[in-house]
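It should be emphasised that the depicted structure is a prediction, and the values quoted were computed from it without experimental measurement. Hydrogens, waters and symmetry mates are skipped; everything else that's a heavy atom, side chains included, is used.
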Amino acid sequence: MLEPINGRTMFYGKSDVLTYRTYAKPLAVTPVPESSFTGCDNIIFAHNITFAVTGEAFLPSFSEGDNSMVVATDSMKNFILRNTADYTGSTTEGLLQLLSSRFLDKYDHVTAVSVSADRLPFEQVMVPGVEGLKQSHLVLRHSNNESYSASLTIKRGENGTEVIAHECRLKDLQLIKVSGSSFYGFVRDEYTTLPESFDRPLYIFLNINWTYSDVQHALDGDLGQYVASEQVRDIAHNAFHELNSPSIQSLIYQIGLRVLSRFPQLATVSFESNNRTWETIVEPEETKGGVFTEPRPPYGFQGFSVSRADLAGETA
Ligand SMILES: O=c1[nH]c(=O)c2[nH]c(=O)[nH]c2[nH]1
């Protein structure tokens with residue numbers, strides 16, 4: 001987010017800049033027990049980028065219609081596309097840093113850039129190899145599963161450009177646990193119609209966000225401290241599988257603690273969750289499954305953040 005200048009909101013930029021870069025540097029991550037993900041080839045390193053700039057010098061373009069300092073958003077788009085070719089690293093965050101710091105270097109009157117990217121997920125398909133199936137290096141399929149996005153705010157500082165804020169995000173993880181979740185013991189009063197549930201088919205939509213203590217670990221995959229969204233996703237899968245959760249509130253708290261304890265390089269983990277618990281039509285029986293249908297709106301949601309202080313509290 002770009003900070004206001006002299007109390008005034010002022011920015012402009014370009015969104016939906018689609019950059020399909022091929023053959024970026026492969027990413028290797030330090031493996032964790034919960035995940036089989038160890039890295040990706042980055043054969044297609046594709047992003048949908050939003051790029052916004054601010055600076056005192058843009059005031060006349062708003063107040064007087066003076067475009068003399070305006071870098072056209074069309075030029076911004078070209079800048080993003082052409083400079084993407086020069087990125088030699090392996091992470092979304094590193095690409096965003098390259099684009100924003102180069103932009104600040106080129107245009108003196110820009111004082112800060114806010115940039116975010118949704119990674120467009122393409123997965124290598126499996127093809128026959130000498131020792132069974134292997135990943136194709138030529139054919140990938142676009143995935144409609146959860147996806148990854150990152151954002152940076154970068155500013156001209158005294159010693160060159162510096163990243164002043166960042167956030168990493170796993171978006172739209174949709175998980176169903178068919179048995180082993182409950183929700184009971186909540187306030188019962190004249191407004192309560194929801195029955196207590198001791199075993200519900202819990203369907204959740206989740207966004208998981210995290211920040212690093214040292215942003216350098218996100219920018220440079222070669223430092224070996226990069227946290228892949230696939231690893232965070234798999235830790236969430238494991239926690240959901242193992243825990244008999246009394247509520248979504250409790251589940252996301254536990255996922256947060258597990259992510260933080262697995263990755264000491266992270267400072268915070270936060271959640272936005274959405275309750276899509278299936279409506280029961282026919283109660284499940286032991287010999288026969290149940291039948292469920294989509295819940296009707298409105299939907300419940302939760303938001304929560306955990307930090308390393310929560311982790312210290314748990315283990316003390
Ligand atoms: O996990 C839940 N938390 C709630 O706060 C809530 N409220 C509700 O109606 N169902 C649920 N489920």
Side-chain angles (χ1 to χ4, degrees), residues 19 21-49 83-84 86-101 115-124 135 140 143 145-154 161-173 206-239 255-271 305-308 311:
T19 58
R21 162 75 193 274
T22 51
Y23 305 111
K25 182 177 190 174
L27 171 73
V29 295
T30 306
V32 297
E34 296 85 356
S35 180
S36 60
F37 186 85
T38 55
C40 76
D41 287 346
N42 277 337
I43 293 171
I44 298 182
F45 185 67
H47 295 91
N48 179 337
I49 295 180
N83 281 276
T84 294
D86 292 343
Y87 181 54
T88 55
S90 56
T91 72
T92 298
E93 293 82 354
L95 171 68
L96 297 185
Q97 187 204 23
L98 173 93
L99 297 173
S100 47
S101 61
V115 59
S116 63
D118 295 336
R119 173 107 189 214
L120 303 170
F122 287 90
E123 293 168 358
Q124 290 167 257
Q135 288 188 317
L140 297 93
S143 154
N145 279 327
E146 70 282 342
S147 63
Y148 180 61
S149 70
S151 59
L152 294 185
T153 306
I154 180 159
T161 56
E162 49 182 317
V163 177
I164 55 166
H166 75 280
E167 189 164 67
C168 309
R169 165 177 280 224
L170 173 65
K171 282 195 314 187
D172 294 331
L173 183 60
L206 259 187
N207 293 334
I208 309 179
N209 314 303
W210 57 96
T211 59
Y212 291 77
S213 302
D214 177 354
V215 70
Q216 214 47 46
H217 290 149
L219 301 177
D220 184 355
D222 290 351
L223 298 176
Q225 298 293 308
Y226 190 76
V227 174
S229 61
E230 290 84 351
Q231 296 176 303
V232 173
R233 175 201 65 197
D234 292 344
I235 290 173
H237 290 174
N238 277 260
I255 296 172
L257 293 184
R258 286 180 180 212
V259 173
L260 280 181
S261 64
R262 182 57 72 205
F263 298 112
Q265 65 271 45
L266 298 186
T268 61
V269 180
S270 68
F271 297 85
S305 67
V306 289
S307 69
R308 302 216 75 82
L311 199 58

Which heavy atom of [X] sits nearest a heavy atom of [Y], and at what distance?
X: Glu93; Y: Leu152; result: O-CD1, 3.6 Å
X: Thr30; Y: Gly224; result: OG1-O, 2.8 Å
X: Val29; Y: Gly39; result: CG2-N, 4.1 Å
X: Thr91; Y: Ala218; result: OG1-O, 3.0 Å
X: Gly221; Y: Ser90; result: CA-OG, 3.8 Å
X: Ser116; Y: Ser151; result: CB-CB, 3.5 Å

Keeping the roles fixed (side chain from [X], backbone from [Y]), state whether a donor-acceptor pair exists under 3.5 Å.
X: Arg258; Y: Val232; result: no
X: Ser143; Y: Asn145; result: yes
X: Tyr148; Y: Ala228; result: no
X: Ser147; Y: Arg119; result: no
X: Thr38; Y: Pro31; result: no
X: Asn42; Y: Lys25; result: yes
X: Glu34; Y: Asn238; result: no
X: Asp214; Y: Gln216; result: yes

Passes side-chain contact (heavy atoms from CB on, under 4.5 Å), Leu206 versus Ile255? Steps please.
CA-CA 11 Å; Leu206 259 187; Ile255 296 172; 4.3 Å; yes
Within-4.5 Å side-chain heavy-atom neighbours: [X] and [Y]:
X: Val32; Y: Asp234; result: no
X: Phe263; Y: Val269; result: no
X: Trp210; Y: Thr268; result: no
X: Gln225; Y: Tyr212; result: no
X: Leu260; Y: Val306; result: yes
X: Leu140; Y: Glu123; result: no
X: Arg262; Y: Val227; result: no

Which value, rounded to the nearest 0.5 Å, describes the distance between [X] atom [atom1] and [Y] atom [atom2]?
X: Asp41; Y: Gln135; atom1: CG; atom2: CD; result: 6.0 Å
X: Asn207; Y: Asp172; atom1: CG; atom2: CG; result: 5.5 Å
X: Leu96; Y: Leu219; atom1: CG; atom2: CG; result: 9.0 Å
X: Asn48; Y: Leu120; atom1: CG; atom2: CG; result: 6.0 Å
X: Thr211; Y: Leu266; atom1: OG1; atom2: CG; result: 7.0 Å
X: Ile235; Y: His237; atom1: CD1; atom2: NE2; result: 11.0 Å

In chain order, what residues pass the ring-ring contact (aromatic ring centres under 6.0 Å, His included) check against Phe45, with sequence neighbours excluded?
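For Phe45 the ring-ring contact (aromatic ring centres under 6.0 Å, His included) partners, ignoring immediate neighbours, are His47, Tyr87.
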With Phe122 via ring-ring contact (aromatic ring centres under 6.0 Å, His included) - residues at least two apart
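By the ring-ring contact (aromatic ring centres under 6.0 Å, His included) rule, Phe122 matches His142.
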Test side-chain contact (heavy atoms from CB on, under 4.5 Å) applied to Leu311 and Ser261, step by step
CA-CA 7 Å; Leu311 199 58; Ser261 64; 3.9 Å; yes
Would you mind telling me which of Arg169, Lys171, Arg233 makes a salt bridge (charged side-chain N to carboxylate O under 4.0 Å, His left out) with Glu146?
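Answer to the salt bridge (charged side-chain N to carboxylate O under 4.0 Å, His left out) test with Glu146 among Arg169, Lys171, Arg233: Arg233.
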